[in-house]
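Here the structure comes first, spelled out in structure tokens, and everything after it is commentary.
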Amino acid sequence: MTAALEAEGLGMRFGRAWALRECSVSVPAGSVVALVGPNGAGKTTLMHLVCGLLRPSEGRVRVFGGDAGGTAEALARVGFVAQEHPLYRGMTVAELLRMGQALNPGFDRALAELRLAALDIPLVKRAGALSGGQQAQVSLALALAKRPRLLVLDEPLANLDPVARRDFSRTLMSAVAEDEVTVLLSSHVIADLEAVCDRLVVLNRGSVRLDGAIEDVLAAHRLLSGPRDAATDVPGVVRAVHSERHSDLLVRTGPEETAVHPVWQQHRVGLEELILAYLESPAVTR
Amino acid sequence: MIWFTWRMHRAQVYAGLALIALVAAVFLPYGETARGSFASHGVAACLAHDTGGDHCQTALQAFMEQFNGIANHLSTWFSPLPGLIGAIVGAGILGREYEQGTWRLAWTQSVPRTRWLVQRIVLVTAGITAVCLALSLIFTWFRAPVDEVTGRFAPGAFDLEGLSLTGYTLFAFAAAVLAGQLMRRTVPAIVAAFAGFMAVRMPVEFWLREHYMAPAARISAPTLRHTLGPSALPVIPGRPGWTLGFHLLDPSGRPLSAAAEGQVVGRAQATHDPDAYLRSLGLHLKTVYQPAGRFWTFQLIEFAIFGGLALVLLALAVHRLRRRGV
């Protein structure tokens with residue numbers, strides 16, 4: 001089966017600085033992927049490469065088997081909601097939908113109107129006069145009306161109040177269920193992601209730290225606590241916190257339950273803790 | 001793209017139409033008055049037969065005093081206008097997209113960004129051309145009687161009539177498209193494009209234009225009754241060209257040195273009839289000029305320069321966008 005998204009040795013350089021380097025990610029069709037990382041990790045760069053807004057400096061990125069960007073067909077496959085969900089502020093919502101229809105061959109205007117009506121967003125209002133949450137919804141409706149196979153959302157929940165976040169996530173989830181669209185969404189707020197996403201890509205300083213199904217990833221890590229003397233013997237340590245006698249280790253154990261020396265107490269790890277560990281730790285072999 | 005471009009620029013289209021209406025409302029009645037005065041002063045007859053006689057010089061003078069002021073003001077007011085119009089329209093195309101972040105919305109629709117830019121440029125260029133040609137037509141009609149007297153090479157005529165106004169505006173437009181791409185801001189791009197526009201436009205008008213073609217020369221009886229400049233009255237019949245200079249020649253046809261010419265002119269001015277004094281020395285007057293018939297050739301050259309520059313700048317903007325995009 002063709003992957004929805006496949007990046008191989010992807011790199012993007014701005015001037016001398018590499019925003020993204022040797023990035024290889026594979027996203028199976030139908031999954032909802034959380035792209036996590038601190039500011040400046042390269043999330044936006046990766047998303048712009050996937051949407052064809054940037055051409056890679058090296059490597060390649062494919063969307064459903066075709067090169068990302070450049071051609072009308074490649075652009076039609078991907079729906080994108082950019083950071084801060086930009087809209088032409090002077091246009092009314094109806095005009096934005098008309099624009100979508102004018103610039104996209106398979107644009108489903110009726111669907112978009114239906115979704116916006118369900119959210120009580122008036123079509124005659126100018127985009128600039130809408131609330132932040134409504135603007136985000138209009139952006140999402142525009143992207144979904146393209147009937148994309150891959151939906152890319154860059155920090156969709158940032159700057160939204162809790163109610164708007166919940167509404168946006170609901171719209172997204174129902175769209176995923178109805179349209180069978182693959183979703184790549186970025187956030188630095190980890191709590192937002194757990195309910196929505198089934199896969200995880202952790203990005204830091206331009207390279208991929210972790211990539212996998214959230215379930216598998218959680219199953220493959222353990223928190224160990226025990227005596228500090230024994231800490232050096234434990235393989236696969238992602239992050240270690242030592243006190244004078246005692247050590248807390250986050251360990252990559254692999255998918256199988258592995259036998260650890262009985263001096264160590266084992267705990268399952270939470271998603272947030274796991275992600276933070278990967279973001280804090282210096283480059284760890286994957 | 002047609003609907004999208006229309007939606008993005010419709011306010012500018014309305015402003016362009018309003019400008020045309022305003023200019024027409026002001027200058028069409030004024031042109032009517034100028035035509036009446038042209039007839040009542042008998043200017044046409046003078047230009048056809050003998051412009052040198054005292055009666056005709058007085059008539060020409062009276063007519064020109066009435067209309068030359070406004071005709072020249074026109075060129076003062078309207079010479080920066082193509083630069084401003086072009087810069088404002090052009091800076092919005094990429095500068096505004098970057099400034100408001102909407103490039104990420106625009107170029108993730110199903111129209112590849114190179115096509116998006118090229119189609120938008122083509123449509124806007126067509127609109128600018130239509131508005132500018134309409135303005136040029138109104139100015140040409142208004143100025144026609146004045147042009148009969150001073151010729152179409154006068155700055156107020158050459159810069160507003162024919163193709164030049166269109167060429168200037170397209171050049172400023174192209175400069176602003178590129179400036180918007182480089183600066184990613186609308187207002188700085190307008191300022192930069194306008195400055196760049198003036199930096200090219202002024203040297204072309206005051207230095208380059210007279211060199212488009214080798215000037216013609218005419219040898220005639222010597223006279224001191226000649227003036228240069230836009231309000232110069234013609235001293236010979238026929239539509240005036242663009243006089244670049246006058247030189248006195250000695251009887252063998254060699255030009256006098258500047259010092260010698262100054263001495264001769266000084267002595268001549270002291271006599272009762274300066275022209276007779278010059279004739280008695282056997283001198284001739286050489287007039288260096290661009291003939292009136294070259295107006296369209298010069299217009300085409302001027303348009304080729306500004307239109308060509310515009311094309312280069314736009315091609316550069318498209319190339320930069322295609323290469324990486326942002």
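Lettering follows sequence order; numbering is per chain, from 1.
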Just wondering, are more than 12 heavy atoms of other shown residues or ligands nearer than 6.0 Å to [atom1] in [X]?
{"X": "Asn159(A)", "atom1": "CG", "result": "no"}
{"X": "Glu180(A)", "atom1": "CD", "result": "no"}
{"X": "Arg96(B)", "atom1": "CZ", "result": "no"}
{"X": "Ile2(B)", "atom1": "CD1", "result": "no"}

From CA spacing to verdict: side chain to side chain contact (heavy atoms under 4.5 Å, CB included), Val111(B), Asn104(A): CA-CA 7 Å; Val111(B) 178; Asn104(A) 298 285; over 6 Å; no

For the pair Leu105(B) and Met99(A), evaluate side chain to side chain contact (heavy atoms under 4.5 Å, CB included) and give the outcome as yes or no after the intermediate values. CA-CA 11 Å; Leu105(B) 174 67; Met99(A) 178 196 79; 4.1 Å; yes

Looking only at heavy atoms, which of residues 5-20 of chain B get nearer than 4.5 Å to chain A? Arg7(B), Met8(B), Arg10(B)

Steps toward side chain to side chain contact (heavy atoms under 4.5 Å, CB included) verdict (Phe4(B), Arg98(A)): CA-CA 9 Å; Phe4(B) 176 72; Arg98(A) 172 138 194 219; over 6 Å; no

Which bit of Glu95(A) comes within less than 4.5 Å of chain B, counting heavy atoms only: side chain, backbone, both or neither? both

Which answer fits Arg77(A), side chain, backbone, both or neither, if we ask what part of it has an atom under 4.5 Å from a heavy atom of chain B? neither

Among Cys51(A), Ala82(A), Gly79(A), single out the residue with the greatest number of heavy-atom pairs under 4.5 Å to chain B. Ala82(A)

Could you grab the distance from atom CG of Leu103(A) to atom CH2 of Trp3(B), nearest 0.5 Å is fine? 8.5 Å

One should read off an interatomic distance between Arg104(B) CZ and Leu53(A) CG, to the nearest 0.5 angstrom, of 9.0 Å

The criterion is side chain to side chain contact (heavy atoms under 4.5 Å, CB included); which residues satisfy it with Thr102(B), sequence neighbours excluded? Pro86(A), Tyr88(A), Glu97(B), Gln100(B)

Sidechain-backbone polar pair: Lys146(A) side chain, Thr108(B) backbone, donor-acceptor under 3.5 Å: yes

Of all the heavy-atom pairs spanning Ser110(B) and Ala72(A), show the shortest one and how long it is. O-CB, 3.2 Å

